[in-house]
Amino acid sequence: MSLQIVEDYPLTRCNTLGFHAVAERFVEIASLDQLQQALQLADQQAWPLLVLGGGSNLILADRLPGLVVRLENRGIELLEEQGGQLLVEVAAGESWHGLVESALQRGWHGLENLALIPGTVGAAPIQNIGAYGVELKDNMVSLTAWDRQQQRLIEFGNDDCGFGYRWSRFKGEDAGRYIIWSVRFRLSRTPVVNLAYRALAEQLAADGIVEPTPQQLFDTIVAIRRSKLPDPAQLGNAGSFFENPIVEQSVYEALKGRFPRLVAFPDKPGHMKLAAGWLIDQAGWKGYRQGAVGVYDRQALVLVNHGGGDRQQLLALAGSIQRSVQQTFGVQLQIEPRLYPQPA
Ligand code: FAD
Ligand code: EPU
C-alpha cells in the first residue's frame, strides 16, 4: 500500500508530557514494505527521522523537522510451547500494557511486574524497561530490527542488545540506526512471582496476601503505580525524569555518614543505586511549581506539565533540580527520557 504522508501533523496528544508539537511530516506504517518506502524517501530527501511509539519517554520540541514514523503493526503470536515454556512473538506496534494484560488472561506468566508501563512493545527494549524487580531483558529472547545502514532485517539475541539499567545499544551507540519490528519473549505456564522489590513485598503484606496469584500480583502493581505516578491523561509527565544514580560503595558510605536516612539499594558488585526521588525530595523540590511545569507532589522523581508547559520550561526546571542536588549531595542526576530533536 502506498504511503499516506500527512504534513504539519499535531503531536500534542501523541506525547505523554502533552507538549504542543507539530511534525513536519507524519506517516503510519503497518507493513515492512511501507517501512522500507518511508525510509527510502527519508534517505533521498535527507529528512531527519523519528520513530514514535507512545511518546511516553520523549521530550519534544515545538516543531519536529523531517519525518515522524509511527509503527502500527500488530500481533501477539504463540510460536512454541514445550514443557510449560512458551515462545511468544509480538509486533512492535502493540501496546506494552495491552501485552501484559493479554498474557495474563491467556495464562502466560512473567510480565506481571511490568504492568501499566505506557508505550509500545517496540520501544520497550530501547531503554530495557524495568519496574518492581523485573526488567524487559529478564523475559526477552530476541528481537528483529530493520537496519537502516545495511537495509535489511537483523535478529538480535538478548546478549547482543547491550542491556543495562535503563539502557541498550539502541539508546546508546546505535541510536537511530535500528527500527525494532518485533520482539520475542520466553514466558511460562507456571506462575512466576517475583517479590524482590521491597515496596511490593510490603504492600502485599499490608494487604494480607502471602502467596499472591499472578492476578493479585498484577493488581497490586497497578494499584501501587496508580498511587505514585500521575496518569498522563490527567497530568502530563514522562514517568521518572531522572535515572537513579549508581555510585561506588565508598561514595555511598560517605553520603550515608552525612545523611543517615539516605535511601539506596544494592546494585552491581561494589555499587549502590541511590533513590533520586529521595534526593530531590530532601532538597525540597517535591510539589514545587514553576509556571506551567513542576515536580509531582506524590513522587519527586516525576516532573509534570500542569498544562501549556513546554520543553524549554521543563529543562530549565530540570537544570535547577540538577544543580540543587549536586550542591546538596554532590551527585549528578542524568535525564532519563530522550530529547527530540536534540537541542543545537
Ligand atoms: P517513545 O517515547 O515513543 O520513544 C522512546 C524512544 O524509543 C525514542 O527515542 C523513539 O525513537 C524510540 N523508539 C520507539 N519505538 C521504536 C522502535 N520500534 N524502534 C526503534 N526505536 C524506537 N519506563 C520504565 O522503564 N519503567 C517504568 O516503570 C516506567 N513508568 C512510566 C510511567 C509513566 C506514567 C510514564 C509516562 C512513563 C514511564 N516509563 C517507564 C517510560 C516509558 O513508558 C518507557 O520508556 C516506554 O518503553 C516508552 O515507550 P514509547 O512507545 O512511549 O516510546
Ligand atoms: N522517595 C522519596 N520521595 C519521593 C520519591 C521517592 O523519599 O518523592 C524514596 C522512597 O524511599 C522510595 C524510594 O525513593 O521508597 C524509591 O521510590 P519508588 O519505589 O517510587 O521508585 P523510584 O526509584 O523512584 C524506579 C523507576 C520507576 C519504576 C519504579 C518501580 C527509575 C528511574 N525509576 O522509581 O520507573 O516504576 O522504580 O520499580 O529507575 C520510569 O522509568 O519512568 C519509572 C517510572
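Counting starts at 1 for both ligands and their atoms, following the listed order.
Note: Arg25 CZ to Tyr9 OH = 16.0 Å, rounded to the nearest 0.5 Å.
Nearest protein neighbour of atom 24 (O) of ligand 2, counting heavy atoms only, is Gln299 NE2, 2.8 Å. Among all protein heavy atoms, the one lying closest to atom 20 (C) of ligand 1 is Tyr178 O, 3.5 Å. When only non-hydrogen protein atoms are considered, atom 26 (C) of ligand 2 lies nearest to Arg166 NH2, 3.3 Å. Distance from atom 18 (P) of ligand 2 to its nearest protein heavy atom, with residue and atom name: Lys228 NZ, 3.5 Å. Considering only non-hydrogen protein atoms, atom 32 (C) of ligand 1 sits nearest to Arg225 NH2, 3.4 Å.
Contact annotation for Glu336 and ligand 2: only side-chain heavy atoms (C-beta onward) come within less than 4.0 Å of the ligand. Using a 4.0 Å cut-off between heavy atoms, Arg198 makes no contact with ligand 2 at all. Contact annotation for Arg298 and ligand 2: no heavy atom of the residue comes within less than 4.0 Å of the ligand. Contact annotation: for Leu58 versus ligand 1, heavy atoms closer than 4.0 Å belong to both the backbone and the side chain.
Asn128 places no side-chain N or O within donor-acceptor distance of the main-chain N or O of Phe163, the cut-off being under 3.5 Å. Not a single donor-acceptor pair under 3.5 Å links the side chain of Asn113 to the backbone N or O of Val134. Looking only at distances, no side-chain donor or acceptor of Ser324 sits under 3.5 Å from a matching main-chain atom of Ser320.
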### Message
One pair to check against side chain to side chain donor-acceptor pair (under 3.5 Å): Gln326 and Gln322. What are the steps and the verdict?
### Response
CA-CA 6 Å; Gln326 175 72 49; Gln322 283 170 314; over 6 Å; no
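No donor-acceptor contact under 3.5 angstrom links the side chains of Lys228 and Gln299, judged on distance only. Gln40 and Gln36 share no side-chain donor-acceptor pair at under 3.5 Å.
Less than 4.0 angstrom separates atom 10 (C) of ligand 2 from none of the non-hydrogen atoms of the protein. In this structure, atom 15 (O) of ligand 2 has its sub-4.0 angstrom surroundings free of protein heavy atoms.
Considering backbone and side-chain N/O atoms, Tyr197 comes within less than 3.5 Å of an N/O atom of ligand 2. An N or O contact shorter than 3.5 Å is missing between Val263 and ligand 2 by distance. Polar contact check, Tyr132 against ligand 2: a nitrogen or oxygen pair lies under 3.5 Å apart. Residue Ile117 has no N or O atom closer than 3.5 Å to an N or O atom of ligand 1.
Distances from atom 7 (O) of ligand 1 to the heavy atoms of Leu52, Ile126, Asn237, Val302 show the closest one on Ile126. Relative to atom 23 (N) of ligand 1, the option among Gln299, Gln127, Glu336 with the closest non-hydrogen atom is Gln127.
Between His97 and Phe218, the gap from one ring centroid to the other is short of 6.0 Å.
Heavy-atom minimum distance, Gly176 versus Arg148: O-CD, 3.5 Å. Met140 and Val183 get closest at one heavy-atom pair: CG-CG1, 3.5 Å.
When each atom of ligand 1 is checked for a heavy atom of Gly130 under 4.0 Å away, the hits are 24 (C), 25 (O), 26 (N), 27 (C), 28 (O). Taking a cut-off of under 4.0 Å to the non-hydrogen atoms of Phe242, the atoms of ligand 2 that pass are 32 (C). Of all atoms in ligand 2, listed by their number and element, those nearer than 4.0 Å to a heavy atom of Ala131 are 36 (O), 38 (O).
Distances shorter than 4.0 angstrom do not occur between any heavy atom of Glu135 and any atom of ligand 1.
Salt bridge Asp8/Arg63: present, at least one basic N to carboxylate O contact under 4.0 Å.
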